[in-house]
Amino acid sequence: FLKSFCPMWLLISPPSAQSFKGAEMTAWEYDAMQALLTRKAQNNPHRGKRAEGYMDGILAAKSVLHAFYQQQEKEKANGKP
């Protein structure tokens with residue numbers, strides 16, 4: 001239950017950029033990390049339930065990364081340091 005619930009929770013309530021205070025990500029870093037995670041998802045070394053768990057983890061990581069970057073860009077646009 002928890003395994004399938006966690007990725008959904010991240011989509012509903014992603015962490016804010018405040019969770020990573022002081023960290024800043026460039027567009028290049030964001031794109032590179034998303035591309036790396038996409039390649040990892042495409043080259044899933046597992047089968048069956050492990051493959052599903054692996055994909056859930058990759059998708060959760062991509063979701064957190066996206067939420068962080070979007071929040072950072074929103075704060076930059078609003079003039080927050």
Side-chain angles (χ1 to χ4, degrees):
F1 171 75
L2 186 59
K3 190 179 197 180
S4 62
F5 177 73
C6 286
M8 184 57 76
W9 176 83
L10 288 170
L11 293 174
I12 294 169
S13 179
S16 70
Q18 290 300 320
S19 301
F20 305 96
K21 197 168 188 93
E24 189 171 321
M25 182 183 303
T26 65
W28 183 89
E29 290 169 326
Y30 171 75
D31 291 340
M33 290 176 73
Q34 286 287 7
L36 175 67
L37 289 167
T38 297
R39 280 194 307 276
K40 288 187 86 49
Q42 291 169 345
N43 297 315
N44 188 337
H46 303 286
R47 299 279 183 256
K49 288 195 181 248
R50 285 185 186 254
E52 291 174 28
Y54 185 85
M55 284 301 295
D56 287 347
I58 297 290
L59 293 174
K62 287 176 69 82
S63 178
V64 169
L65 181 63
H66 180 74
F68 172 79
Y69 188 73
Q70 290 299 106
Q71 183 66 31
Q72 174 185 282
E73 292 303 298
K74 182 179 173 184
E75 288 177 2
K76 279 184 193 176
N78 291 334
K80 292 183 181 178

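Model, not experiment: these values are computed from the prediction.
- Between the NZ atom in Lys49 and the CG atom in Asp56 there is a gap of 11.0 Å [rounded to 0.5 Å].
- Checking Glu75, Lys74, Lys76 one by one against Asn78, the side chain to side chain contact (heavy atoms under 4.5 Å, CB included) holds for a single residue, Lys74.
- With sequence neighbours excluded, no residue satisfies side-chain contact (heavy atoms from CB on, under 4.5 Å) with Asp31.
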- Between Thr38 and Lys62, is a side-chain contact (heavy atoms from CB on, under 4.5 Å) present by the stated rule, with each step listed? CA-CA 8 Å; Thr38 297; Lys62 287 176 69 82; 2.7 Å; yes
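- Across Ile58 and Ala41, no two heavy atoms sit closer than the pair CG2-CB, 3.7 Å.
- No single ILVMFWY cluster, assembled from side-chain heavy atoms under 4.5 Å apart, contains both Val64 and Met55.
- Of all non-hydrogen atoms in Met25 and Tyr69, the two that sit nearest each other are O-CE1, 3.7 Å.
- Residues satisfying the side-chain contact (heavy atoms from CB on, under 4.5 Å) test with His66, not counting sequence neighbours, are Tyr30, Gln34, Gln70.
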